[in-house]
Amino acid sequence: DFTDSGVGMSPEIQKRIFDPFFTTKGTRGSGLGLSICYGIVSRHKGDIKVSSRVGEGTTFTIRLPMGLEGGREKPAALAHAREMLAARVLVIDDDEVFRSVLSDTLLQSGCTVSQAGNGSEGLSLFAEGEYNLVITDLGMEGMSGWDVAAAVKEQSLDTPVALITGWGAQIEDTAARSRGVDFVMAKPCRLEELRNLVQQAIAMGTGAPKGRP
């Protein structure tokens, strides 16, 4: 356990402290520290929890498996881990910081990740390999996320495409699907939301070869 006697946190803040880019420090904070810690602990099959009261301080509890006990996981947990390890994700975003953090989060969850800084570069990578999921930003110079989604579907109709954007709450699912986007998520996304996204993409499958049938 790690305990301080600081100002503490409200229940609402405690729910979000491990989310990438979430910070209470304004422009002084990046919101990356605790999300990186969470990823490191998770990658070692551990658990990190927080307990805090406003005005009284905060306690972080980290639990890590020891010896052979760490290998005695439930079948459901093992199946989930195998799914994440099998997932191949292409991340396309012209914001280098967000792209790197998003990719690191996916890597820490066990995915294989390729990165591209624009739509053209992303489509070149997509043409060279097979992916379970393509994640793209919306507003990018030269080629928008809509353009990327359409081009991906042109090559592989069954490959899921996720649009992650600051305008996510304003995009209707029906309109998105009509333009080749299967999932829409708002920036910044939460860790659990990102993992659920990968699981849903895996469940959809990528059975069709590239090129329209």
Side-chain angles (χ1 to χ4, degrees), residues 12-23 29-36 38-39 42-43 80 83-119 121-123 125-126 131-141 143-153 156-206:
E12 291 73 20
I13 291 177
Q14 292 180 56
K15 291 177 182 178
R16 298 202 59 192
I17 59 171
F18 297 117
D19 293 340
F21 298 106
F22 176 76
T23 179
S30 65
L32 301 180
L34 285 175
S35 69
I36 292 174
Y38 184 94
S42 297
R43 188 164 52 186
H80 170 73
E83 284 184 347
M84 296 298 283
L85 285 171
R88 300 176 303 279
V89 183
L90 173 60
V91 176
I92 306 172
D93 199 307
D94 57 1
D95 184 329
E96 183 177 357
V97 174
F98 183 83
R99 184 177 72 246
S100 296
V101 172
L102 183 62
S103 299
D104 286 346
T105 302
L106 290 165
L107 285 167
Q108 290 163 3
S109 297
C111 301
T112 299
V113 182
S114 298
Q115 299 184 48
N118 57 61
E121 180 185 349
L123 291 176
L125 289 174
F126 184 75
Y131 294 93
N132 298 97
L133 174 65
V134 175
I135 298 176
T136 179
D137 187 21
L138 174 56
M140 298 182 292
E141 186 175 351
M143 181 178 289
S144 72
W146 298 123
D147 297 329
V148 170
V152 167
K153 294 297 185 178
S156 178
L157 192 60
D158 285 359
T159 299
V161 177
L163 194 69
I164 297 188
T165 171
W167 300 93
Q170 301 180 36
I171 300 175
E172 296 183 356
D173 290 342
T174 302
R177 284 193 292 270
S178 70
R179 303 183 68 173
V181 173
D182 302 284
F183 308 99
V184 177
M185 296 183 67
K187 287 183 178 180
C189 53
R190 299 188 177 188
L191 289 169
E192 195 58 35
E193 291 174 336
L194 191 58
R195 287 171 175 165
N196 288 339
L197 171 64
V198 174
Q199 286 186 299
Q200 291 179 61
I202 293 172
M204 288 180 65
T206 55

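Atom CD of residue Q115 and atom CD of residue E96 lie 8.5 Å apart, to the nearest 0.5 angstrom. One distance of note links CG of L106 with CZ of R88; it measures 14.0 Å at 0.5 Å rounding. The distance from atom CD1 of I92 to atom CG of L102, rounded to the nearest 0.5 Å, is 11.5 Å. Separating the CG atom in D93 from the CG atom in L138 is a distance of 10.5 Å, to the nearest 0.5 Å. Atom CG of L194 sits about 6.0 Å away from atom CE of M185, to the nearest 0.5 Å. E121 CD to D94 CG: the interatomic distance, rounded to the nearest 0.5 Å, is 11.0 Å.
The shortest distance between side-chain heavy atoms of D137 and F98 does not fall below 4.5 Å. For the pair L163 and T136, the minimum side-chain heavy-atom distance is below 4.5 Å. Side-chain contact check for N118 versus M140: every heavy-atom pair is 4.5 Å or farther apart. Put simply, the side chain of M143 reaches to within 4.5 Å of the side chain of V148, judged on heavy atoms.
What you find for A149 and G180 is that their closest heavy atoms are CB-O, 3.8 Å. The shortest heavy-atom contact between G122 and L90 is O-CD2, 3.4 Å. Closest non-hydrogen pair, F183 versus P160, comes out as CE1-CB, 4.0 Å. The minimum heavy-atom distance between C111 and V198, with the atom names listed, is SG-CG1, 4.1 Å.
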Stepwise side-chain contact (heavy atoms from CB on, under 4.5 Å) check, D182 with V161: CA-CA 5 Å; D182 302 284; V161 177; 4.2 Å; yes

For the pair L197 and I135, evaluate side-chain contact (heavy atoms from CB on, under 4.5 Å) and give the outcome as yes or no after the intermediate values. CA-CA 10 Å; L197 171 64; I135 298 176; 4.2 Å; yes

Pair Y131-V152, side-chain contact (heavy atoms from CB on, under 4.5 Å): steps then yes or no: CA-CA 10 Å; Y131 294 93; V152 167; over 6 Å; no

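Just one residue in the list S114, S100, S103 forms a side chain to side chain contact (heavy atoms under 4.5 Å, CB included) with V91, and that residue is S103.
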